[in-house]
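Single-structure report; data block below.
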Amino acid sequence: MKPGNHTLSVSEFLLLGLCEQQEQQPLVFGIFLSMYLLTVLGNTVIILAIVSDPHLHTPMYFFLANFSLTDLCLASTTVPRMLVNIQAHRNTITYAGCLSQIYFFLWFIGLDVFLLAVMAYDRLVAICHPLRYTLVMTPRYCTGLLVMSLTLTQSYSLTHTSLLAQLSFCTDNIIPHFFCELLPLMKLSCSNTYANQCVLMYWGGALTILIPLLIIISYIRIVAAIVRVPSASGKWKAFSTCGSHLSAVCLFYVSAIGVYFIPSSADSASKDRVAAVMYAVVTPMLNPFIYSLRNKDMKSALGRLLTNIWQSQNLNPDI
């Protein structure tokens, strides 16, 4: 495969994984298999509960279902490949496979960020403008917000992947990671990566600075509106409707910020791997628990879903 007019000498890359000690590989495999299965189960149950319960056919849960689907896809982009590599004792990935993994990882991680912002906007309208909520958050408008998020993040991912395809990779093919990640791959290139760095600076700045700032502003306005609510029960109800989302936002951003407070003497590659585990594995696994344990509507819907499954099994015991 020849990207652009450059000569490609590397046809595959070597992924070092999370640890290089062979005796620890079975433990790593068991931990990440368990985490991935929890991620699949938790997010799938959230989606099924929302789809099957008419009480949850609202904008808030429409975005939550898509958020759970995105988390499921994000974890599936990296973890299954890593598990297969551990079992097969093979740590290589093809050039095309590496670009594909980067494309989908950037798409889903970007979509997570945009959906968190859209969900914050939904809560802002619901709490600050309750009388206009149904007029503003119509099904058509919600679908438009979702399509906009999909389009922008897909453009971000496609731009990065297209620029990576123009780079040359000479002899060094070792990626100190458990999946193909953007920055380590750029460091391996023997081409000029100025264009890649510019896209990373501007697009990455929007995802990591501008959107979190918009979420913070939304919650400042939400808190200001809640404080003006006269009754304590009204305040509690308002806080409870956005508590789960605020917890998810904190988990998504604070976990990554915490990683970068590791002392500078620590290995940079190790910090990157820990950050990626937090983003790609831990956060998608914990989000279903946050939304199911802190949300009365979700708990009721999950109870009804499990009851329906149990009743259908009793009516059809041979299935």
Side-chain angles (χ1 to χ4, degrees), residues 3-6 8 10 13 15 70 73-74 77-78 95 98-118 120-121 145 148-170 172-218 249-264 266-280 283:
N5 296 323
H6 299 290
L8 179 67
V10 173
F13 296 96
L15 300 172
T70 303
C73 294
L74 177 62
T77 301
T78 57
Y95 175 81
C98 190
L99 289 185
S100 298
Q101 194 174 61
I102 288 177
Y103 171 80
F104 286 108
F105 179 78
L106 292 176
W107 190 5
F108 294 131
I109 198 72
L111 188 56
D112 252 0
V113 174
F114 269 84
L115 285 176
L116 286 173
V118 170
Y121 173 71
L145 289 174
M148 178 195 69
S149 301
L150 285 166
T151 303
L152 290 175
T153 52
Q154 196 268 349
S155 300
Y156 168 71
S157 176
L158 185 61
T159 301
H160 268 304
T161 308
S162 300
L163 289 173
L164 282 174
Q166 303 302 314
L167 299 180
S168 297
F169 298 92
C170 302
D172 191 2
N173 69 335
I174 299 176
I175 300 177
H177 223 298
F178 66 96
F179 70 98
C180 281
E181 210 266 339
L182 180 63
L183 288 177
L185 198 62
M186 286 171 56
K187 292 177 182 178
L188 291 181
S189 174
C190 48
S191 303
N192 189 337
T193 60
Y194 177 76
N196 304 71
Q197 292 172 358
C198 287
V199 172
L200 183 62
M201 179 183 300
Y202 293 111
W203 269 101
L207 291 176
T208 58
I209 298 176
L210 179 60
I211 291 181
L213 182 61
L214 292 176
I215 294 175
I216 292 172
I217 293 173
S218 297
V249 171
C250 292
L251 176 64
F252 189 86
Y253 286 105
V254 174
S255 61
I257 292 172
V259 168
Y260 291 100
F261 279 99
I262 296 175
S264 58
D267 179 54
S268 177
S270 299
K271 288 172 58 178
D272 292 341
R273 287 195 290 265
V274 171
V277 169
M278 295 301 298
Y279 276 116
T283 301

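Since this is a predicted model, take the numbers as computed values, not measurements.
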L183 vs L200 side-chain heavy atoms within contact, under 4.5 Å | yes
Results of disulfide bond (SG atoms under 2.5 Å apart) for C198 - residues two or more places apart only = none
Can you sort out the partners of T153 under side chain to side chain contact (heavy atoms under 4.5 Å, CB included), two or more places apart, ordered by chain and number?
-> W107, L111, F114
Identify the heavy atoms of A276 and H177 that sit nearest to each other, and give their distance.
-> CB-CE1, 3.3 Å
Kindly write out the residues that satisfy side chain to side chain contact (heavy atoms under 4.5 Å, CB included) with N192, not counting sequence neighbours, or none if the list is empty.
-> Y194
How many angstroms lie between atom CG of L164 and atom OG1 of T159, to the nearest 0.5 angstrom?
-> 11.0 Å
Between N196 and M186, which heavy-atom pair has the shortest distance, and what is it?
-> CB-CE, 3.6 Å
Measure the CD1-CD1 distance between I216 and I211 for me, rounded to the nearest 0.5 Å.
-> 12.5 Å
Between Y156 and W203, how do the two ring planes meet: parallel, tilted or perpendicular, split at 30° and 60°?
-> tilted
Hits for side chain to side chain contact (heavy atoms under 4.5 Å, CB included) against L213, two or more places apart or cross-chain, chain-then-number order -> I217
Show your reasoning for whether side-chain contact (heavy atoms from CB on, under 4.5 Å) applies to I175 and L185.
-> CA-CA 7 Å; I175 300 177; L185 198 62; 3.8 Å; yes
Gap between atom OG of S149 and atom CG of L115 - 0.5 Å precision | 5.5 Å
So Y279 and F252, would you call those rings parallel, tilted or perpendicular, with 30° and 60° as cut-offs?
-> perpendicular
When rounded to the nearest 0.5 angstrom, what is the spacing between CG in L150 and OG in S155?
-> 10.5 Å
For the side chain of S191 and the backbone of S168, is there at least one donor-acceptor N/O pair under 3.5 Å apart?
-> yes
Taking the side chain as C-beta and beyond, is there a heavy-atom pair between I109 and L74 under 4.5 Å?
-> yes
Where the side chain of T77 meets the backbone of C73, is there a donor-acceptor pair that is under 3.5 Å apart?
-> yes
Indicate the atoms forming the closest heavy-atom contact of Q101 with F179, along with that distance.
-> OE1-CB, 3.2 Å
Hey, what's the ring geometry for F108 with F104, parallel, tilted or perpendicular (30° and 60° as the breaks)?
-> parallel
Residues which pass side chain to side chain donor-acceptor pair (under 3.5 Å) with T193, listed by chain and number, not counting sequence neighbours = Q197
Flag the pair F13 / I174 as yes when at least one side-chain heavy-atom distance between them is below 4.5 Å, and no otherwise.
-> no
Sequence-distant partners of L158, side chain to side chain contact (heavy atoms under 4.5 Å, CB included), two or more places apart | Y103, Q154, S162
So which heavy atom on A195 is nearest to which on L163, and how close?
-> O-CD1, 4.0 Å
d(T283 OG1, L251 CG) to nearest 0.5 Å is 4.0 Å
d(T78 OG1, F105 CZ) to nearest 0.5 Å is 6.5 Å
